[in-house]
Amino acid sequence: MLDPKLLRTDPEAVARNLARRGHVLDVASFRRIEERRKALAIETDRLRAERNLHSKAIGAAKGRGEDIAPLMARGEALAGEVARVDAELTAVQDELDAWLLGIPNLLDASVPDGADESANVLVRRVGEPRRFDFEPKDHVAVGEGLDGFDFDTASRLSGARFAVMRGGVARLHRALAQFMLDLHTREHGYTEVHVPYLVSRATLTGTGQLPKFEPDLFAVPHDPALFLIPTAEVPVTNLVRDRVVAAGDLPLRFVAHTPCFRSEAGAHGKDTRGLIRQHQFDKVELVQIVRPADSPQALEALTSHAEAVLAALELPYRVVALCAGDIGFASTKTYDLEVWLPGQGKYREISSCSNCDAFQARRMQARWRNPETAKPEPLHTLNGSGVAVGRALVAVLENYQRQDGAVTIPDVLRPYMGGAKELR
RNA sequence: GGAAGGGUGGCGGAGCGGUUGAACGCACCGGUCUUGAAAACCGGCAUCCCCGCGAGGGGAUCGUGGGUUCGAAUCCCACCCCUUCCGCCA
């Protein structure tokens, strides 16, 4: 949620910023409804003040043993007026709140212009794509050659966009997650957390998936409604919802390995082959909760933590700054990490690292006590994949494949593979 | 699923129709004392919104949403959550 104060004081500036995303802010209708809200609020406050005064007078009169009956009629009339104006105010307020929840975050000044991913800006490229002296296969072919993927059976169990993995490939998948978790907890100061995979509507509203993106989620019929998490960002960031975190406890750094569930509405026909785009996939997620002044550096640090995974696996990758039109709803600035996939001959997203500044914190009521003001103020939240496990598996299979069909196991994963050097 | 109890400020915990935004304690901030620190003592200390240059004034908030009432933290209803016991269960 945007700072309502900023929206009231300078809606044009907000509109200009959001226009970079392609979001049209209807300033005129906001002005109209905001004026109405304000008038109603003032009127309600006035009437309530009058009613409170009157009620107090009745109490005092009663205390003195006087006859109250003549005062009651006026009291009833006031109560009626308050109820009428209050109902109007509530309606306007609800309309305004709903509207506010649908507005994306403001963009950081450093975000490049552009409408879609073609305008994203290369920040750096790390590692050189390996030269193959044979035609590299894609991960589906490599994995099936190892008897490690079974997409046919998966579709029989659950339909399209699911996978069954087995044997060494399944273990390699687990090894990747374990390795990432160990790296982030040992080297980067994150605390491992294990969190619910089913969350409430309020939790999803806190991080911004709801109310706008409900079609992308899997809902579970239950009262009250529950949804499968589309990313661990949701439960992990919400760890601080409705809390005032002590300044001394910041920054908070959490890492979680969870499955993620996405209905991928609107992605029909995209990446239908293989593991790239599934309804269910595993991800190791990094979340940081920081003091507002620290969030820009925290984004750089968090991104470097995700990069460390790819560096350790010796996978070639590049870092891209997302342009205005490609940045997610809750983010003010995002870096994507794209890993080289020889089977596709291109870089593909494997991590997305975002600074959400106070946007999610305001929705979640997540605050810290600022020692300078002694007041509770919204925190800043950041999240990033560190990294997507399924896509990391894809990258390892494709980059480490050999002509004989075997796959070399990257050094750092060998301890997690019982010391094995290759999959065959 | 059944039964009972409970959800109050950063935390603990009183209050159970009117002057209670909320006793008291802890934490925190300022001061006195001290060579310094601790202790002790004194004072301050919820959040949001509105009016006002300011001093100040007003409104809302005691899990959430309804209701009763001139007036609700206090009474009624529904829902959510927590604790304990029973049942079931990996």
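Naming: A, B, ... by sequence-line order, numbering from 1 per chain. Any value given below was found using the heavy atoms of this structure, including those in side chains, with hydrogens, waters and symmetry copies removed.
Atom C1' of nucleotide B:A60 and atom CG of A:Leu47 are separated by 15 Å, given to the nearest angstrom. For A:Leu40 and B:G59, the CG to P distance is 18 Å, given to the nearest whole Å. In this entry the distance linking CD of A:Glu377 with C1' of B:A46 reads 15 Å, nearest Å.
Remark: B:G5 base-pairs with B:C82; criterion is Watson-Crick or G-U wobble with both hydrogen-bond distances under 3.5 Å. Across every strand in view, B:C16 sits unpaired, with no contact that passes the Watson-Crick or G-U test at under 3.5 angstrom. Here B:U68 sits opposite no nucleotide as a Watson-Crick or G-U wobble pair (both hydrogen-bonding atom distances under 3.5 Å). Under the Watson-Crick and G-U wobble criteria, each requiring two contacts below 3.5 Å, nucleotide B:A55 is left unpaired. When both pairing distances are held under 3.5 Å, B:A73 makes no Watson-Crick or G-U pair with any nucleotide shown. Using N1 to N3 plus N6-O4 or O6-N4 for Watson-Crick, or N1-O2 and O6-N3 for G-U wobble, each under 3.5 Å, B:A46 pairs with B:U61.
For A:Asp45, the listed nucleotide lying nearest its side chain is B:C49; candidates were B:C49, B:U47, B:G71. With B:U19, B:G59, B:U47 as the choices, the nucleotide that has an atom nearest any side-chain atom of A:Lys56 turns out to be B:U19. Looking at the side chain of A:Met72, the nearest of the listed nucleotides B:G10, B:C70, B:A60 is B:C70. The side chain of A:Lys62 has B:G18 as its nearest neighbour among B:G18, B:C70, B:G58. Out of B:G18, B:C51, B:G10, the shortest distance to the side chain of A:Ser55 is found at B:G18. Distances were taken from every side-chain heavy atom of A:Asn52 (C-beta onward) to each of B:G18, B:G58, B:A60; the shortest belongs to B:A60. Here B:C51 is the nucleotide among B:C70, B:U47, B:C51 with the atom lying nearest to any side-chain atom of A:Lys38. Here B:G59 is the nucleotide among B:C49, B:G59, B:U47 with the atom lying nearest to any side-chain atom of A:Ala49. Among the nucleotides B:A60, B:G18, B:C51, the one closest to the side chain of A:Ile42 is B:C51.
Residues A:Arg8 and A:Arg367 each lie close to RNA chain B; by heavy-atom proximity, the contact nearer the 5' end of the strand is made by A:Arg367. Of the two residues contacting RNA chain B, namely A:Asp223 and A:Val244, the nearest-nucleotide position lying further toward the 5' end is that of A:Val244.
Residue-level contact check: A:Arg51 touches the backbone only, with heavy atoms under 4.0 Å from sugar-phosphate atoms and none from bases.
Considering only heavy atoms from C-beta on, A:Asp216 stays 4.5 Å or farther from A:Arg262 through its side chain. For the pair A:Arg8 and A:Arg37, the minimum side-chain heavy-atom distance is below 4.5 Å. With contacts defined as side-chain heavy-atom distances shorter than 4.5 Å, the pair A:Val394/A:Ile350 does not qualify.
Closest approach of A:Arg369 and A:Ala247 over heavy atoms only: O-CB, 3.7 Å.
A donor-acceptor contact under 3.5 angstrom links the side chains of A:Gln360 and A:Glu233, judged on distance only.
A salt bridge links A:Arg348 with A:Asp271: at least one charged nitrogen is closer than 4.0 Å to a carboxylate oxygen.
Regarding contacts with the backbone of B:A46, every side-chain N or O of A:Lys375 stays at 4.0 angstrom or more from both OP1 and OP2.
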| said: Pair A:Glu43, A:Arg46 - check salt bridge (charged side-chain N to carboxylate O under 4.0 Å, His left out), show working. | reply: CA-CA 5 Å; A:Glu43 175 68 356; A:Arg46 210 207 82 233; 2.7 Å; yes

| request: Please report the C-alpha distance between A:Phe213 and A:Phe329 in whole Å, then the side-chain angles of each, then the deciding distance to 0.1 Å, and finally whether the ring pair (Phe, Tyr, Trp, His ring centres under 6.0 Å) criterion is met. | output: CA-CA 10 Å; A:Phe213 305 104; A:Phe329 182 75; 5.3 Å; yes

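On the C1' atoms, B:U74 is 11 Å away from B:U8, given to the nearest whole Å.
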What's touching nucleotides 28-30 of chain B from the protein side, N or O pairs under 3.5 Å?
none

